[in-house]
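So the structure is just underneath, and the comments pick up after that.
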2 protein chains.
Amino acid sequence: MLSRPVIVQAAIDVIDAQGAAALSLRSVARRLGVDAKSLYNHIENKEALLDAIAQQVLSRMVVPAATGDLRTDLIAIAHAFRAAALSSHREAVTLVLSRPAELLAHLTPLEATLAALMAAGAKPDWAVHAVRATLAFISGSLLREASTGLTLGADDPAIAGPREAALADLGLTHVALVAPYLSRLDHLREFDFGIGILADAFVRELAQAAAKA
Amino acid sequence: MLSRPVIVQAAIDVIDAQGAAALSLRSVARRLGVDAKSLYNHIENKEALLDAIAQQVLSRMVVPAATGDLRTDLIAIAHAFRAAALSSHREAVTLVLSRPAELLAHLTPLEATLAALMAAGAKPDWAVHAVRATLAFISGSLLREASTGLTLGADDPAIAGPREAALADLGLTHVALVAPYLSRLDHLREFDFGIGILADAFVRELAQAAAKA
DNA sequence: ACCTGAACACCGTTCAAGT
DNA sequence: ACCTGAACACCGTTCAAGT
């Protein structure tokens, strides 16, 4: 009855239903109507379960077909990765991000990104730097999505006005100046902004290297 | 005797000495020779303690003086942020990163980055996007530094050779191709690569906007 | 082969009682 | 004002005993 895949799915269900904080061997076992100690017949320990969850979440990623245009492909891969990571409860993403990237599941997007970069003429060592910068940006973006409440919206001028004045008093004049924009946070828009910048930079760099050769 | 700053410092000491996993109200109290429940006279709960730790770690950041050159200033601020975040045990950084960015301590680097961008002619809304992209990259980079073992080095060709063959067999031909570069990870180098790309992109974008105006 | 009872060394937190 | 004893509802994990 009990099996590794069943346990992993139950763990994801716990996170989806009650948040990442509620995840424990005991809560997973409770959901399965089983004693927590029984899980040890199928998983090594809690750490291994967390690895398996991260693996399972990432394995839902659908790698988009390459179009041959580097910018298009990089953006499509980044979106696919983000969609997979966010496909469960928002908090599940922190679990994926806090596992070391050597998990097998990470290799699929890695392969796709490297393929896109190298098809566009990137040399191996440079491609590795580029993919690492991209992954760092994606990780940081998802971490923010997970830990930020929906938005920071406080558009009520009755609140915003005094707050800006307080910021200016603290010497944070520039923060005060942009406060209206800081109070709005559209995760997807920020994601696209950053990925677009990186993709543009990669395209430009490769074109420049090609022109020199 | 007991006080909030003393408790926060003891908590950081616990992390430095025994890692983030060993941090608990009880371990902090033990280090202070006090009962864990006594801490509640000075902190609200564990969450508040974690916030205070993040605040304290980030407050060590020394904001560099502005030079007026956007690229130079952005890179200097990023390095200062990284240095502060890594000034304790590597694992302490995950604590800082997992707290929402609305903490007061985040405002110092935010102000400096916005000032650099706007001095270079950035409009408020665009400056906010730029600073968010930069912070996402920095967060992702630090998260990798915290969760990755020192390096992934496995340069022994007797190990590397078969591993690359195995990767190629899985259809991961590009991963196999770059495996020698993936096995080496210099955190600072990767950090500089990414920050450099972002800074270059911002400088170029602002120059372009200025030329159009 | 798989499950569980007893047991251990942990957690965060409340509240009433002590100084 | 600050500290603690008693108490509660949790954790992960081992190991011997059961089916």
Side-chain angles (χ1 to χ4, degrees), chain A residues 1-57 88-89 91-92 94-100 103 147, chain B residues 1-57 88-89 91-92 94-100 103 147:
Chain A
M1 207 55 257
L2 217 46
S3 73
R4 205 181 151 86
V6 166
I7 292 171
V8 171
Q9 187 52 53
I12 294 176
D13 291 344
V14 168
I15 296 174
D16 286 351
Q18 302 158 61
L23 179 68
S24 71
L25 293 184
R26 287 165 129 109
S27 66
V28 171
R30 215 176 295 130
R31 171 168 283 259
L32 291 169
V34 159
D35 190 287
K37 301 185 278 349
S38 301
L39 304 181
Y40 282 90
N41 287 300
H42 304 92
I43 59 160
E44 300 64 36
N45 50 35
K46 193 185 183 185
E47 280 295 293
L49 175 58
L50 297 181
D51 278 344
I53 295 171
Q55 193 89 236
Q56 168 67 15
V57 167
S88 283
H89 192 286
E91 293 177 33
T94 57
L95 235 159
V96 175
L97 296 176
S98 62
R99 303 279 103 196
L103 295 176
S147 67
Chain B
M1 208 54 256
L2 217 46
S3 73
R4 204 180 151 87
V6 166
I7 292 171
V8 171
Q9 188 52 53
I12 293 176
D13 291 344
V14 168
I15 295 174
D16 286 351
Q18 303 158 60
L23 179 68
S24 71
L25 294 185
R26 289 165 128 109
S27 66
V28 171
R30 216 176 295 130
R31 173 169 281 259
L32 291 169
V34 160
D35 190 287
K37 298 185 282 342
S38 302
L39 303 182
Y40 282 90
N41 287 301
H42 305 93
I43 58 159
E44 300 65 38
N45 51 37
K46 194 185 182 183
E47 281 295 292
L49 176 58
L50 296 181
D51 279 342
I53 295 171
Q55 194 88 236
Q56 168 67 15
V57 168
S88 283
H89 192 286
E91 293 178 34
T94 57
L95 234 158
V96 176
L97 296 175
S98 63
R99 303 278 101 196
L103 296 176
S147 68

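Values in this document were obtained by computation on a predicted structure and should not be read as measured data. Protein chains get the first letters and strands the later ones, always in sequence-line order, with residue 1 at the start of each.
- At a threshold of 4.0 angstrom between heavy atoms, the contacts of B/Lys46 are confined to the sugar-phosphate backbone, with no base atom among them.
- Considering all non-hydrogen atoms of both residues, A/Ser27 and A/Ala22 come closest at OG-O, 2.9 Å.
- Atom CG of A/Leu39 and atom P of D/dT14 are 13 Å apart (whole Å).
- Computed from coordinates, the B/Asn45 CG to C/dG12 P distance equals 11 Å when rounded to whole Å.
- Taking the side-chain hydrogen bond (donor to acceptor under 3.5 Å, both in side chains) definition, one finds that B/Asn45 meets it with nothing, sequence neighbours left out.
- With distances taken from any side-chain atom of B/Lys37 to the nucleotides C/dC15, D/dT14, D/dC3, the minimum falls on C/dC15.
- Counting only residues at least two apart or on different chains, no salt bridge (charged side-chain N to carboxylate O under 4.0 Å, His left out) pair has a member in residues 9-26 of chain B.
- Applying the side-chain contact (heavy atoms from CB on, under 4.5 Å) criterion to B/Arg4, with sequence neighbours excluded, gives B/Ile43, B/Glu44, B/Ala52.
- The 5' end of DNA chain D is approached more closely, in terms of each residue's nearest nucleotide, by B/Asn41 than by the other of A/Glu44 and B/Asn41.
- Checked against side-chain hydrogen bond (donor to acceptor under 3.5 Å, both in side chains), B/Thr94 has no partners two or more places apart in sequence or in another chain.
- Listed by chain and number, the residues in a side-chain contact (heavy atoms from CB on, under 4.5 Å) with A/Ala11 are A/Leu23, A/Val28, A/Leu49, A/Ile53 (sequence neighbours excluded).
- Contacts between residues 13-31 of chain A and DNA chain C, counted as heavy-atom distances below 4.0 Å, involve no residue at all.
- In terms of the side-chain hydrogen bond (donor to acceptor under 3.5 Å, both in side chains) criterion, B/Asn41 has no residue partners (sequence neighbours excluded).
- For the pair B/Ile43 CD1 and D/dC3 P, the computed distance is 12 Å after rounding to whole Å.
- Under the side-chain contact (heavy atoms from CB on, under 4.5 Å) criterion, B/Glu91 pairs with B/Ala20, B/His89, not counting sequence neighbours.
- A/Arg4 has its CZ atom 14 Å from the P atom of C/dC2, to the nearest Å.
- In plain terms, the two heavy atoms of B/His42 and B/Leu2 that are nearest each other are NE2-O, 3.2 Å.
- Considering only residues two or more places apart in sequence or on other chains, A/Ser98 meets the side-chain contact (heavy atoms from CB on, under 4.5 Å) condition with none of them.
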Any chance you could encode DNA chain D as dot-bracket? Rule is Watson-Crick or G-U wobble with both distances under 3.5 Å; [ ] for pairs crossing earlier ones, | for another strand.
||.|||||...|||||.||
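- The side chain of B/Ser38 approaches D/dC3 more closely than any other nucleotide in the set D/dC3, C/dC3, D/dT14.
- Nucleotides C/dA9 and D/dA9 are separated by 22 Å at their P atoms, to the nearest Å.
- Protein atom CG of A/Leu49 is 14 Å distant from nucleotide atom C1' of D/dT13, rounded to whole Å.
- Separating the CG atom of B/Leu32 from the P atom of D/dC3 is a distance of 10 Å, rounded to the nearest angstrom.
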Using the 3.5 Å cut-off, write out each protein N or O paired with an N or O of nucleotides 16-18 of chain C and the distance between them.
none

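- The side-chain hydrogen bond (donor to acceptor under 3.5 Å, both in side chains) test applied to B/Lys46 returns no partner, not counting sequence neighbours.
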Criterion side chain to side chain contact (heavy atoms under 4.5 Å, CB included) on A/Ile12 and A/Gln9, from CA distance to verdict
CA-CA 5 Å; A/Ile12 294 176; A/Gln9 187 52 53; 4.1 Å; yes
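- Using a 4.0 Å heavy-atom distance criterion, A/Asp35 is classed as a sugar-phosphate-only contact.
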